[in-house]
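Mind looking over this structure? Questions follow.
Below, read A as the first sequence line, B as the second, and so on, with proteins coming before strands; counting in each chain starts at 1.
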Amino acid sequence: MTAALSLRSVGPGVTVQDGGRHGFLRYGVTGAGPMDPFAHAVANRALGNPTDCAAVEVSLGGIDVTVEGGPVTVAIAGGDFQVTIDGQTLPAAVAARLEPGASLRVRAGPSGVWSYLAVAGGLDLPQVLGSSATHARTGMGGLDGRMLQAGDRLPVGMAMSEIATGRIVAPLLERPAESIRVLLGPQDDYFAPDQIAAFLAGPWTISMRGDRMACFLEGPRLSHKLGFNIPSDGVAMGAIQVPGEGLPIVLMADRQSTGGYPKIATVIGVDLGRLAQARPGTTIAFRAVSHTEAVRARAEEQSFLSSGIAIEPLTRSVFSSEFLLGLNLVDGWIDAQGRG
Amino acid sequence: MSHDQAAAPLFLDAGEAALVVEFGRTVDPAISDRVLALDAALAADPPDGLRELVPTYRSLMIHYDPLRLDRARLIALVEERLVAPATRGRAAALWTIPCCYEPPHGEDLAEMAALMGHAASEAASIHASALYRVYMYGFSPGFTYLGGLPEAIAISRRTKPRPPHESKAVLVGGGLSAIASFAMPTGWYVVGRTPERLYAPERTSAFLFEPGDSLRFEPIDAATFSALDARAEAGEVVARRQAS
């Protein structure tokens, strides 16, 4: 029997996501993929997985997991969630080995909206159009095209034998949301200069209405110079459309591939996760940056991911030695040293 | 603003990893031809770092990795290919797609016909008489936007969406026709239903049409619909394709 994650309790909005479904936007197929692509990549890289391996995207609803069929090394990264194994608290970004029967619990914590639970070897699920990313609205990918629920079993792929465990050192995961960087356009010329200024200044409050498709903003109502209906064109993740009523909507991972409202600006790639992790009620403003600056930020993030992620052993000052032995974290410490 | 047909396109950023090449701001076959010619030229010889091409009515969205493909180099490449546009990778096809306008499938046909001053059967004949152009996909997998709807039935969209229709619904609204692969609420009028599956992920060709293809609807009765529907659901392609 191959190893698997067995889901004991699952909150609403928890799905399987890999790096997204690519190549079919031209046929109207949504890319899906993680809401916080950077955190998803960090969790995978911490285990030595390719960054786009299938992992569980845990919502504020949380999840309780045990493993079956053999030990599984997992990594968790994303918002500041509460992570416990058999009742012992771990850091919010952590790699740990789960023995069969051990109970992992991930719950909403002080901040953040999404946490990624990756497994060494990736989740081994059938692919639809080349991806196991879940798009629940069209019933595509993941497990039977739907959100996960209690009782589900997720098979785990083959992993490399030695994986370091401990706290994931990823300072880039701490991303306050007050200022979100955007590139203006592609339809910023549908708005007069004072409306662009009002858009950047906000302040905007993130609405309760958000989901994987879109982040709705509340604040000043923007007006259009050239009307608000355009012939539908392509929509990138992070596109900020302004419909007739004037409140901007940021289109996220589960967005439709095309849309017919003017898009005043687009959130830069590295700030997609920053925005996705901001809870309803958070106040934000936008800052316009140049294409060069957006690419520089992307290069920095890419270099962090490709340089190998440091795993810091959990020390005995925080955890009992009995507990550490139980989790094989001591072995992990040796691995981490060995990797240097 | 509108660009004349030969005018240089606009290059618009949609974030740092997507570039919109915009040829105009209206729905127009000549503009669509330019979009599709560039789409084909880039697809035939994609530069390293190009991720996805999304053709729409009047622009091509190019998704790219800016760490592998510099924006200025991408624009230069696009300009080169505009000067010497490649022929399309695949000749535009003409499709004949069965469509049942009868009850229970053409749910809103009578309502649409009355609003446009026709009998239902007349509106169905008008819809089936036209040659449509596949402009683009969007909205949901396999949702096809069709230009060429005759003026006599070129109705606006509803002011409020109607409850979800069946999958494979044939729609009119906003001066266009469309085929919806998934059941969903819509602001369009449901005039018929096709047995063909426009999205079939397990089939060799998950999607049948390419933007730029032409399409005719062939009226069928409800009994024929049921028979063809069973065959389509079993994996057969029931639309007919010929090179045009």
Value rounded to 0.5 Å, distance of CG in A:D233 from CG in B:L12: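 Nearest 0.5 Å value for the CG-CG distance: 8.5 Å.
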
Which pair of heavy atoms, one from B:G15 and one from A:L183, lies closest together, and at what distance?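 Answer, listing the atom of B:G15 first, then A:L183: C-CD1, 3.3 Å.
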
Evaluation steps, side chain to side chain contact (heavy atoms under 4.5 Å, CB included), between B:Y199 and A:L129: CA-CA 11 Å; B:Y199 165 64; A:L129 301 178; 4.0 Å; yes

What residue, out of A:S232, A:G269, A:A299, has the most heavy-atom pairs lying under 4.5 Å from chain B?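 Between A:S232, A:G269, A:A299, the count favours A:S232.
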
Taking A:A297, A:G23, A:G185 one by one, which has the highest count of heavy-atom pairs under 4.5 Å against chain B? A:G23

Side chain, backbone, both or neither of B:F139 within contact of chain A (heavy atoms, under 4.5 Å): both

To the nearest 0.5 angstrom, please state how far the OH atom of B:Y137 sits from the OG atom of A:S257.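 If we round to the nearest 0.5 Å, B:Y137:OH and A:S257:OG are 11.5 Å apart.
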
Quick check against the 3.5 Å criterion: does B:E16 have a side-chain atom that pairs as donor or acceptor with the backbone of A:I268?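 No.
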
For B:A14, which atoms come within 4.5 Å of any heavy atom of chain A: side chain, backbone, both, or neither?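 The answer is both parts of B:A14.
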
Hey, mind stepping through A:L25 and B:R51 against side chain to side chain contact (heavy atoms under 4.5 Å, CB included) and telling me if it holds? CA-CA 11 Å; A:L25 286 172; B:R51 283 179 167 162; over 6 Å; no

Test side chain to side chain contact (heavy atoms under 4.5 Å, CB included) on B:E52 and A:R26 and set out the steps. CA-CA 8 Å; B:E52 281 196 59; A:R26 63 188 288 117; 5.8 Å; no

Atom of B:V20, atom of A:P186 and distance for their closest heavy-atom approach: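 Nearest pair, atom of B:V20 first, then A:P186: CG2-CB, 4.2 Å.
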
Under the criterion side chain to side chain contact (heavy atoms under 4.5 Å, CB included), I'd like the reasoning laid out for A:I230 against B:R25: C-alpha separation, chi angles, the key distance, then a yes or no. CA-CA 8 Å; A:I230 62 171; B:R25 286 195 168 167; over 6 Å; no

Among A:M140, A:H135, A:R137, single out the residue with the greatest number of heavy-atom pairs under 4.5 Å to chain B.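 Going by pairs under 4.5 Å, I would pick A:M140.
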
Side-chain donor/acceptor of B:R58 to backbone N/O of A:P231, under 3.5 Å: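 Side chain of B:R58 to backbone of A:P231: a pair is present.
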
About how many Å separate OH of A:Y27 and CE of B:M136, when rounded to the nearest 0.5 Å? 14.0 Å

B:T56 to A:T258 - nearest heavy-atom pair and separation: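 Nearest heavy atoms, B:T56 then A:T258: CG2-CG2, 3.7 Å.
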
Say you draw a straight line from NE2 of A:H291 to CG of B:D13; how long is it, rounded to the nearest 0.5 Å?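 CG of B:D13 is found 5.0 Å from NE2 of A:H291.
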
